[in-house]
2 protein chains.
Amino acid sequence: MATIYDVSNLARVSLATVSRVINDTGKVSDKTRQKVHEAMEQLGYRPNTIAQSLASNRSNSVGVLVSQLDGPFYGPMMREIESVLRAANKHVIIAAGHSDAIQEQEAVEFLVSRGCDALIVDAEMLANEYLVALGKGKTPVVFINRHVEGIDDRCVHMDNLQGGYLASRHVLERGHRQVGYISGPLFKQDARERLAGYIQALAEFGVPFDPDFFHEGDFLEESGADGMAKLLQSGKPLTAVVCANDHMASGAIALCLERGMRVPEDMSFVGFDNIPFPKYISPKLTTVSNPIQAMGKMAANWVLQQVYDAKDIPFAHRFAPELIVRESVTDLNV
Amino acid sequence: MATIYDVSNLARVSLATVSRVINDTGKVSDKTRQKVHEAMEQLGYRPNTIAQSLASNRSNSVGVLVSQLDGPFYGPMMREIESVLRAANKHVIIAAGHSDAIQEQEAVEFLVSRGCDALIVDAEMLANEYLVALGKGKTPVVFINRHVEGIDDRCVHMDNLQGGYLASRHVLERGHRQVGYISGPLFKQDARERLAGYIQALAEFGVPFDPDFFHEGDFLEESGADGMAKLLQSGKPLTAVVCANDHMASGAIALCLERGMRVPEDMSFVGFDNIPFPKYISPKLTTVSNPIQAMGKMAANWVLQQVYDAKDIPFAHRFAPELIVRESVTDLNV
DNA sequence: CTGTTAGCGCTTTCAG
DNA sequence: CTGAAAGCGCTAACAG
């Protein structure tokens, strides 16, 4: 492999000059630049990025921590991040936290110790204090999918409350008054916020919150079924259920269908996240979009801008969800 | 940040000795080792991996090229790869090819030029010749999900023919004789092999291949619907369709349901890949498992073994698919 | 067992 | 505009 030294020899210029044309830094006469380019071409020269990193104290790599690599959620986000960063010729180094605080912390430390220039972190389990400390550390970090007080400017997140509100208002507008809610685990902020949106919508329509219509799940499909079973057990005349994510909605619907109920005729559902389901499932789920891809892109752009001095890109911290009306809510007004 | 030099100072030993205890290479007396460890601890020393890489000519990073980062397919594969490699303290650098030959090639070159110690490549569009050349290059490469003649020993793949055969035999065994096939694009090897399995099964049951019962799709959901429409158009009494992947099966089933047919009563289906569908879809799809996770793990282990001198791990090149019988095939024998 | 000494390939002052 | 030279932090012979 040719080195910068070979190039400088062939082009009859100094190392420094070659380095200058590689990095397009400082002034180099067109003629010299030309010579250097020719020499590089001829030798098939490729800068050794490791050496560059060592000398410049920059790794040109960005660490990304997600909780899961699989699932319909993080893939699209990763896709955007990778796409933006690679276009800028940066590495994307991934690590998975597997929804476990210890693994998440290890992953963060791994990425930091690897000399990542910046981190994009989707921390599901790590405590706020840890994140604040991390945010104050030397390595720039942007948090995705989470809003942490005190480091607001480094958070890219969606308006979960608004999402929960939109979902709930939709069923209320369609005349439902016995509206259940299957929540995510309440130690998670997004779950709390979505629930707050539900409560806000209820209040707006003058519907009291009924504990019998509430279940705290864990965002997994099965807990949707469990929650549904619990809501049904109350014996009260439930007509609709808002679920804090599509997975739980899926589980809840499955349970209803199993018990011979029709959806949405007997029970309406709204999900959350708008994960891609196969087209032939029926009914098609009304849900709330989660702009996860836009957030991924934004986080990557933030890194480009903060760390790699990229041109100005308007930065948005908070992304708005949108209600996606499909077929899983029946209209009681007609 | 403390350097190895600080540690050697504090511990009153030489740089070399510190390096030895870090890498656990060469002989160091317990007492010295102890001193060094204490010094490292005290300074919170973390080796600079960039410098390590430069000096040792190893980046400790493995490049992974997948065609898509999203979708139900590559996530689980990435998960295994990341998990194995991080446990060995190696970087995983990802790049996406987006099912495009040029992007795939660029991604490969990006990863190579980044000094990855090895590559795990899932190349969808790159030509065999390119892969062979790549395999002969300096950077060790393992190919996943593809069998390339001439570099068999570097390929981790599944037995697609057997998979196609299992799927087809299943419907034949259940008495179907008018069996359609919706194929993947035939320029792809896996699509050809799966089709060959179908043809083999037909032959075994003495059923002639009928071009009217064949459609070449592109592995996407929509082409499943298109293909189904075409098969139906022949007017012949089709009773079952084998699809080269679950996505197309999904599209095909959707079309049948839309047209008022019942599945599996009026039309049976077998898919391929066993991607996770929500539980409440009905009927549950009979399909063929794709041991993509096992293959990911195997590829990662191969890298550990070949490049990082890991302990011996039995290596399997070819993984067997399994038929997963669920509810989408009706039994005509009863 | 331990220390000395060259580099790895590149960036970056500092002069000229 | 260009060159010389000093490292970046670490590994790996080679002596001892």
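Hydrogens, waters and symmetry mates play no part in the numbers below; they use all other heavy atoms, side chains included. Order of the sequence lines fixes the chain letters, A, B, ..., with proteins taken first and strands second; residue numbering starts at 1 for each chain. None of these values were measured; they are calculated from a predicted model.
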Worksheet entry | Nearest-nucleotide pick for A:A16, side chain only, options being C:dG7, C:dT11, C:dT12 | C:dT12
Discussion item. Just checking A:H91 against B:F110, ring centres under 6.0 Å apart?
Written reply: yes
Fill in: Given D:dT2, D:dC10, C:dC8, the nucleotide with the shortest approach to the side chain of A:T17
D:dT2
Fill in: No-H, no-angle donor-acceptor pair, A:R46 side chain to C:dG9 base, under 3.5 Å
no
Worksheet item: Is the closest basic N to carboxylate O distance between A:D117 and A:R58 below 4.0 Å?
Response: no
Practice prompt. With heavy atoms under 4.0 Å as the rule, sort B:N48 into base, sugar-phosphate or nothing.
Written response: sugar-phosphate
Fill in: Nearest to side-chain heavy atoms of B:I4, which nucleotide of D:dC1, D:dC10, C:dG3
D:dC10
Worksheet, complete the sentence: With the side chain defined as heavy atoms from C-beta on, B:V13 is closest, among C:dT2, C:dG3, C:dT11, to C:dG3
Worksheet, complete the sentence: Of the candidates C:dC14, D:dG9, D:dC1, the side chain of B:A51 sits closest to D:dG9
Discussion item. At 4.0 Å (heavy atoms only), tell me whether A:S53 reaches a base, stays on the sugar-phosphate, or touches nothing.
Written reply: nothing
Practice prompt. Indicate whether OP1 or OP2 belonging to D:dG3 is found under 4.0 Å from a side-chain N or O atom of A:S14.
Written response: yes
Worksheet entry | C:dT11 phosphate, OP1 or OP2, under 4.0 Å from A:S19 side-chain N/O | yes
Fill in: Among C:dT11, D:dC10, C:dC8, the one nearest B:Y45 by side-chain distance
D:dC10
Discussion item. Nearest to the side chain of A:V28, heavy atoms from C-beta on, is which of D:dT11, D:dT2, D:dC8?
Written reply: D:dT2
Practice prompt. Answer yes or no: is there an ion pair linking A:D30 with A:K35, defined by an N-O contact shorter than 4.0 Å?
Written response: no
Worksheet item: So what does B:T25 touch, heavy atoms closer than 4.0 Å: a base, only the sugar-phosphate, or nothing?
Response: nothing
